[in-house]
Asker: 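Structure below; questions to follow.
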Amino acid sequence: MADHQPLPAAAGSLPDRAGAGLKPEHYRAILAEQPDIGWFELHPENYMGAGRGAGGPPQYYLERIRALYPLSFHGVGLSIGSTGRLSRDHLQRLKGLMAQYQPEQFSEHLAWSSHGSAYMNDLLPLPYNQATLQLVAAHVDEAQDYLGRRMLIENPSTYATFSCSEMGEIDFLAELARRTGCGLLLDINNAYVCAHNHGFDPASYIDAFPAEWVSEIHIAGHAMIDDGIEASGIAGQLLVDTHDRPACATVWSLFRRFIRRAGPRPALIEWDNAIPAWPALHAEATRADRMMAQNHAMHCLAE
Amino acid sequence: MSAYSDLTLLQQQFTAALLAPSTQIPAAIAPTDEAKRQKRFNVYRNNMHAGLVAALGARYPVILRLVGDEFFQAMALAFIRQEPPTSPILAEYGAHFARFLETFEPTADLPYLPDMARLEWLRHLAYHAPDSPIAAIAELASLAPEKLGEIRLHLHPAASHLASDYPVLTIWQTNTHDATVQPISADRPGETTLITRPKLDVLLCPLPIGAGIFITALAEGETMSQAAASALADAASFDLAKTLAALFDAGAISHIQPD
Amino acid sequence: MSYRSQNLALAALATAVGAAIAISSPASAQQSADKERCYGISMAGKNDCASTGNNSCAGTAKMDFDKGAWKYVAKGTCTSMQVKLKDGSSRMGALMPIKG
């Protein structure tokens, strides 16, 4: 089994600045204002047409935005944790789109979303054990070989855990990176959501996350829903990763905590539902930029 | 695959329970109490279905308006159960919604619904279709008259048509543009609609009688002359001049092939 | 020989093409906005909700598979669409409850 070392940031990589998820609602505002923002991230699946080739507004706007900004492809369709074979069709489409738009970064999720011929349109949880690790590592190897580039794997938001899990998520991800050379995408909100839902300390998780492998951070908002009555008689609450509002104060402070330890990283504001007007989204990105700059200034002062 | 047989079984059970709510959730989901296990699993079930219902609603906005939110949700859930997605590309989902509506008993009183679904699906395809140049009708004027019998008109990749027994374009129009929907009488004749996207906006245009046959013949590779003969054979009132003007004006012709 | 392989007389074609050019307004295709003939609305922003799961169009708490969802009638605009049914009768399309 390969034993990889973390790669230094390659030329043409994303800047250590805040980026934003690219939404059709904002195409025109972005082109008109050409805002000061580090980069944009998109789901490549939304730029693959509807089964008969791809053109029209999605390609038109992406071409123009790509000419102005670095891009990150954040895949949601590879189903890297499925025991079924990786879809060659999908890998081929990804490779074609990458050749066309030359994204600086590509990431996917530690999750599965297909079984047999069915795609579930959701990122589903995996038990963390040696068998899963072997499977996911083989799929990451296959995808990286086929696409001819390094990918990042993101820690997911989960709502259920499995009795057959034998290791922690962080150990799983660190070992996956070591075996395959893939990078990691640390989603601060996912960490917080999981910590709440499964009862662990989010700060410890953030502190233990192997920063040397982290090439991107996600910041997002979540919702709280009823989780039934606890044994203590108190109504339980479950956090759901909805990406439909600003990140909460705790997520921001966990972000600050991570960059204090690890330094700045490309940091994405993810907002996929109840999408605000562009200035509001841009303001969130500016906030992340400011935090990273302040942190940098503090480091300089200390030296 | 044997190394992953436990995980395969888990994913199979998980999938079954996602798609059919009556199926038991996987035993491997870590136990707290049963109600909680159910609650947690339902987040996945709801995420999946809410995402798909929303995607269908975005794809079929007029159907959504025609039947209302709640009804649409139940109808979409019935469709999802019958036909879950088979592609990681969400934009490919819902192609068979029209076919589903043909046999969906609760909407049997809305016989125009399947054609409305077809219209909205074609509109969706046109939005995502590959780009192509557009031919100008003036190019026809520059051809020697004796060449007219030989030419082929190539349709733009975004161009398609729908011939319906119902006034679907009129229904689509009022449900898309009017705050208060205009009443539409049962005596209104059926309509043939051209769907295309010359640049960035998808256009829906009414077509004259026989134009549907003409377009189908063009798509099958017939010359303009043969296609016109086909259309005339089907409808004696077919008007080639009006049809050509409609097709070129809407940017539905990408290329004139001389012979 | 099928009717499909027949041709129109050249003279008829030339006349039709001439008339087509006369009645066409080609600027409309360039502008994508011929309000007289075609209906269009911009679909930008009507692209699909992003994707899946962690990035989902989550309606998490809103959907309930176990109760209620199957008992209702349409509340949309279909009721102003009069339709002719196969038996020749025309009807306003008021829908029935989906399930008991």
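All chains are named by letter (A, B, ...) in the order of the sequence lines, taking the proteins before the strands, and each is independently numbered beginning at 1. Any value given below was found using the heavy atoms of this structure, including those in side chains, with hydrogens, waters and symmetry copies removed.
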Asker: Are the side chains of A/Tyr119 and B/Tyr93 in touch, meaning some heavy atoms are under 4.5 Å apart?
Answerer: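 Sidechains of B/Tyr93 and A/Tyr119: no contact.
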Asker: Drop me the distance from B/Leu90's CG to A/Asn46's CG, to the nearest 0.5 angstrom.
Answerer: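 Here the rounded value is 7.5 Å.
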Asker: Less than 4.5 Å to any heavy atom of chain B: does that hold for the side chain of A/Ser87, its backbone, both, or neither?
Answerer: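 For A/Ser87, there is no contact with chain B at all, as no heavy atom is under 4.5 Å.
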Asker: Closest heavy-atom contact between B/His124 and A/Ala50?
Answerer: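 That closest heavy-atom pairing would be NE2-CB, 3.7 Å.
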Asker: Report yes if some heavy atom in the side chain of A/Pro57 is under 4.5 Å from a heavy atom in the side chain of B/His128; otherwise report no.
Answerer: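 No. Closest side-chain heavy atoms not under 4.5 Å.
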Asker: Taking A/Arg52 for the side chain and B/Pro157 for the main chain, is one N or O donor matched with an acceptor at less than 3.5 Å?
Answerer: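 The answer is no, because no donor-acceptor pair under 3.5 Å joins these two groups.
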Asker: Which bit of B/Leu52 is near chain A, if near means a heavy-atom gap under 4.5 Å: side chain, backbone, both or neither?
Answerer: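 Both backbone and side chain of B/Leu52 come within 4.5 Å of chain A.
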Asker: What is the distance from atom OG of B/Ser87 to atom CZ of A/Arg93, rounded to the nearest 0.5 Å?
Answerer: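 With rounding to 0.5 Å, OG (B/Ser87) is 5.0 Å from CZ (A/Arg93).
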Asker: With a 3.5 Å distance limit and no angle check, can you tell me whether B/Arg40 reaches the backbone of A/Ala160 through a side-chain donor-acceptor pair?
Answerer: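 Here the side-chain-to-backbone pair does not exist.
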Asker: Minimum heavy-atom separation for B/Tyr44 to A/Thr158, with atom names?
Answerer: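 Answer, listing the atom of B/Tyr44 first, then A/Thr158: OH-CA, 3.4 Å.
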Asker: Give, as side chain, backbone, both or neither, the part of B/Ala35 having an atom under 4.5 angstrom from any heavy atom of chain A.
Answerer: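 Neither part, no heavy atoms under 4.5 Å.
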Asker: In terms of heavy-atom pairs under 4.5 Å with chain B, which of A/Gly56, A/Gly81, A/Pro44 leads?
Answerer: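 Ranked by contacts with chain B, first place is A/Gly56.
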Asker: Are any non-hydrogen side-chain atoms of B/Thr15 and A/Leu124 less than 4.5 angstrom apart?
Answerer: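 Side-chain contact under 4.5 Å: no.
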Asker: If every non-hydrogen atom of B/Ile89 is compared with every non-hydrogen atom of A/Gly49, which pair is closest and at what distance?
Answerer: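 So the two residues come closest at CG2-O, 3.7 Å.
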Asker: Going from OH on A/Tyr159 to NZ on B/Lys39, what distance comes out if it is rounded to the nearest 0.5 angstrom?
Answerer: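 Separation between the atoms: 14.5 Å.
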Asker: Could you tell me whether the side chain of A/Tyr61 reaches within less than 4.5 Å of the side chain of B/Leu200, counting heavy atoms only?
Answerer: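 B/Leu200 vs A/Tyr61: side chains touch.
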Asker: Does CD belonging to B/Gln257 count more than 12 external heavy atoms closer than 6.0 Å?
Answerer: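 More than 12 within 6.0 Å, yes.
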Asker: Given 3.5 Å as the limit, does a donor-acceptor pair link the side chain of B/Thr86 with the main chain of A/Ala118, or not?
Answerer: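 Not a single qualifying donor-acceptor pair exists.
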Asker: Using a cut-off of under 4.5 Å on heavy-atom pairs, state which of A/Ala131, A/Ser114, A/Ser79 scores highest against chain B.
Answerer: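 Counting heavy-atom pairs under 4.5 Å, the top option is A/Ala131.
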Asker: Is the shortest side-chain heavy-atom distance between B/Leu10 and A/Pro127 below 4.5 Å?
Answerer: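 Sidechains of A/Pro127 and B/Leu10: in contact.
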Asker: Against chain A, work out which of B/Arg37, B/Gln11, B/Met48, B/Gln12 has the most heavy-atom pairs shorter than 4.5 Å and name it.
Answerer: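 Of the options given, most contacts go to B/Gln11.
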Asker: Considering only heavy atoms, which portion of B/Ile80 lies under 4.5 Å from any heavy atom of chain A: side chain, backbone, both, or neither?
Answerer: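 Neither part.
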Asker: I want to check something: taking the side chain as every heavy atom from C-beta on, are B/Val43 and A/Ile225 in contact at a cut-off of under 4.5 Å?
Answerer: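 Of all side-chain heavy-atom pairs linking A/Ile225 with B/Val43, at least one is under 4.5 Å.
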Asker: Which atoms of A/Phe162 come close to chain B, meaning under 4.5 Å heavy atom to heavy atom: side chain ones, backbone ones, both, or neither?
Answerer: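 Its backbone and side chain both get close to chain B.
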Asker: Measure the shortest side-chain to side-chain distance between A/Thr132 and B/Tyr4 over non-hydrogen atoms and say whether it is less than 4.5 angstrom.
Answerer: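 SC-SC contact between A/Thr132 and B/Tyr4 ruled out.
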Asker: As an exercise, state the distance from OG of A/Ser113 to CG of B/Leu18, rounded to the nearest 0.5 Å.
Answerer: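 A/Ser113 OG to B/Leu18 CG: 11.0 Å, rounded to 0.5 Å.
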Asker: Select one option (side chain, backbone, both, neither) describing which atoms of A/Leu78 are under 4.5 Å from chain B's heavy atoms.
Answerer: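 Neither part.
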Asker: Side chain, backbone, both or neither: which part of A/Asn129 has an atom under 4.5 Å from a heavy atom of chain B?
Answerer: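 A/Asn129 has no heavy atom closer than 4.5 Å to chain B.
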